[in-house]
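Below you'll find the structure, written out as C-alpha cells, and then a few comments.
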Amino acid sequence: MSGDTPPGTDWSRQPERSNALALRVMSWIARRCGRRATRTLLHPITLYFLLFASAPRRHSRRFLARALGRPPSWRERYRHLHRFAATVLDRVYLLGGRLDLFDVTVQGEALIDQTLAEGRGAFLVGAHMGSFEALRAVGASRTGACALRIAMVMYPDNARLINAALQAVAPGHSPQIIALGRMDSMLAVQDWLDSGGLAGVLADRSLPGRSAPTGEQRGGSVRVSFLGVDADFNDGPFRLAALLRRRVVFMAGLYRGGARYDVRFEALADFSERPPDAAERERRIRAATLAYARRLELLCREQPENWFNFHDFWCEERHEAAGP
C-alpha cells in the first residue's frame with residue numbers, strides 16, 4: 001500500500017510504505033503463532049493506516065464514496081483497510097498451500113474446465129480486487145489434467161515489486177511471472193499458453209505515456225465512465241489476447257471476511273477467430289475493454305471493500321498538480 005505521497009504522483013512511481021522487513025516480521029509471526037492469533041495484530045495496523053497514512057486514507061474515502069453513492073462511514077473506511085491487511089496476511093498461508101484453513105467457493109469452474117480441454121491456454125484478466133493468491137491456491141489444489149497453471153504477465157518494474165513483496169511474505173514460494181518488455185516476451189507468453197497454461201493480468205492500472213524498454217507500446221487507453229466519473233482503462237491486455245488469438249476470462253478472488261473467499265471466473269471475450277480486417281479487430285478490443293470496465297464496476301458496487309487500488313485512479317490529483 002502506498003504511503004504519504006505528493007498529490008499527482010503516478011502510482012507506478014510511488015514507494016511502497018510496507019517495506020520488506022515489516023512483511024518478513026509479519027510472516028514470521030504468522031507462521032509461528034497461527035492465523036487466528038496473528039489476525040489480532042491487524043486491528044492496530046489498520047488503525048495506524050487509518051489515522052496516519054493520508055494518501056491511502058484519501059484514496060479509499062474517494063473510491064468508497066463513488067462505489068456506495070454516499071460518503072462512507074468511519075466503520076466502512078476502517079473495514080476497507082482491514083480487509084486489505086487481512087488478504088496480505090492470508091498470502092502467507094495461501095502461498096504455502098494451506099488452503100485447508102479457508103472456506104473457498106468457486107463459481108465458473110465449468111468455463112475453466114472447457115478452456116483447459118481446448119488445450120490452447122487463455123488469459124485470465126482481473127484487478128486489484130480481493131486476493132489473486134486465493135485463485136492461485138485453488139488452481140494449485142487441482143491435480144492432473146484439471147490443474148490450473150497460472151503465470152502472471154506484467155512489466156519488469158511491476159514484477160520486481162511483486163516478487164520482492166511475495167518473497168518477504170512467503171519465502172521460497174515465488175509465483176510464475178512472465179515479464180513483458182523484452183525481446184522474447186511475446187514468445188514466452190505464447191509458449192506458456194500453447195502448453196495449456198493460463199496467463200493472468202491485472203488490468204485496472206494504466207501506465208500513461210510509457211513504452212517498454214524495447215520500444216514495444218503498452219497499448220492505448222479507452223475512456224470509460226467508471227463509478228460516475230471518466231477514467232482511462234488500458235487496452236494492452238486485450239490487444240495482446242487479440243494478437244495471440246486467445247480467449248479472455250474475467251477472474252476475481254473476493255475476500256468475504258473471516259476465512260471465506262469467493263473465487264469467480266466469467267467469460268469476457270474470445271479472440272480465437274481472426275477478424276476480417278483491422279477495423280473489426282479494433283472494435284473487438286474496445287468492446288472487450290469496455291466489458292471489463294463494466295464488470296469491474298459491478299463488483300466494486302457489490303464488494304467495495306475488496307478493491308485495493310489505493311492510488312489516484314481517476315488522475316484528479318495529477319491534473320490538479322499540473323494546473324490549468
Side-chain angles (χ1 to χ4, degrees), residues 23 26-27 30-36 38-39 83-154 159 162-163 165-178 189 192-202 246-268 299 303 306 308:
L23 290 173
M26 177 63 76
S27 176
R31 292 195 302 271
R32 281 154 184 80
C33 299
R35 184 174 182 271
R36 183 187 296 273
T38 309
R39 276 177 61 86
R83 292 218 164 177
F84 172 72
T87 61
V88 172
L89 171 63
D90 285 346
R91 288 176 184 174
V92 176
Y93 306 105
L94 291 168
L95 287 171
R98 294 299 311 276
L99 195 60
D100 59 293
L101 296 174
F102 303 94
D103 176 15
V104 182
T105 61
V106 183
Q107 302 178 37
E109 271 192 296
L111 174 62
I112 293 299
D113 290 337
Q114 177 187 347
T115 301
L116 292 174
E118 295 173 356
R120 298 191 64 250
F123 283 89
L124 298 180
V125 179
H128 291 79
M129 170 74 70
S131 171
F132 181 74
E133 281 71 34
L135 182 147
R136 185 159 38 210
V138 167
S141 70
R142 294 164 49 120
T143 58
C146 294
L148 303 186
R149 297 168 44 247
I150 305 174
M152 289 300 295
V153 178
M154 59 185 67
I162 293 294
N163 258 330
L166 293 181
Q167 275 299 303
V169 171
H173 296 284
S174 295
Q176 178 75 32
I177 293 179
I178 300 175
V189 174
W192 179 260
L193 294 171
D194 286 344
S195 70
L198 300 169
V201 184
L202 302 183
R246 308 288 169 157
R247 177 178 292 177
V248 180
V249 176
F250 183 88
M251 63 176 180
L254 302 173
Y255 177 55
R256 306 303 294 269
R260 295 176 297 129
Y261 282 88
D262 179 11
V263 172
R264 302 182 187 180
F265 300 102
E266 299 178 23
L268 191 65
L299 271 187
Q303 293 288 323
N306 262 272
F308 305 137

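- Side-chain atoms of M129 and R264, non-hydrogen and from C-beta on, never get closer than 4.5 Å to each other.
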Dump the intermediate steps for side chain to side chain contact (heavy atoms under 4.5 Å, CB included) on F123 and V189, then the final yes or no. CA-CA 10 Å; F123 283 89; V189 174; 4.0 Å; yes
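- Counting only distance, with no hydrogens or angles, the side chain of T38 and the backbone of R35 share no donor-acceptor pair below 3.5 Å.
- Contact detail for L111 and E266: the closest heavy-atom pair is CD2-C, 3.5 Å.
- Atom CG in L193 sits 7.0 Å away from atom CD1 in I178 (nearest 0.5 Å).
- Around the CZ atom of R36, the shell of radius 6.0 Å holds no more than 12 heavy atoms that belong to other residues, nucleotides or ligands.
- The CD atom of E109 sits 8.0 Å away from the CG atom of L148 when rounded to the nearest 0.5 Å.
- Of all non-hydrogen atoms in A122 and T115, the two that sit nearest each other are CB-CG2, 3.5 Å.
- The CZ atom of R246 sits 11.0 Å away from the CG atom of L198 when rounded to the nearest 0.5 Å.
- Distance CG/D90 to CZ/R83: 11.5 Å, rounded to 0.5 Å.
- The nearest pair of heavy atoms linking V92 to A30 is CG1-CB, 4.1 Å.
- Closest of all the heavy-atom pairs between L94 and S131 is CD1-OG, 3.9 Å.
- Without hydrogens or angle criteria, R149 side chain to S195 main chain gives a donor-acceptor distance under 3.5 Å.
- What you find for Y93 and R31 is that their closest heavy atoms are OH-N, 4.4 Å.
- Side-chain contact between L299 and N306: absent, with no pair of heavy atoms (C-beta onward) separated by less than 4.5 Å.
- Taking the six-membered ring where the residue is Trp, Y261 and Y255 present tilted rings, their angle falling between 30° and 60°.
- Residues T105 and R256 bring no donor and acceptor atom of their side chains to less than 3.5 Å of each other.
- Within the 4.5 Å cutoff, the side chain of I150 has no heavy atoms near those of the M251 side chain.
- Using a 4.5 Å cut-off on side-chain heavy atoms (C-beta onward), L135 and F265 make contact.
- To the nearest 0.5 angstrom, M154 atom CE is 4.5 Å from I177 atom CD1.
- Proximity of M152 to R136: side-chain heavy atoms (C-beta onward) are separated by under 4.5 Å at one or more points.
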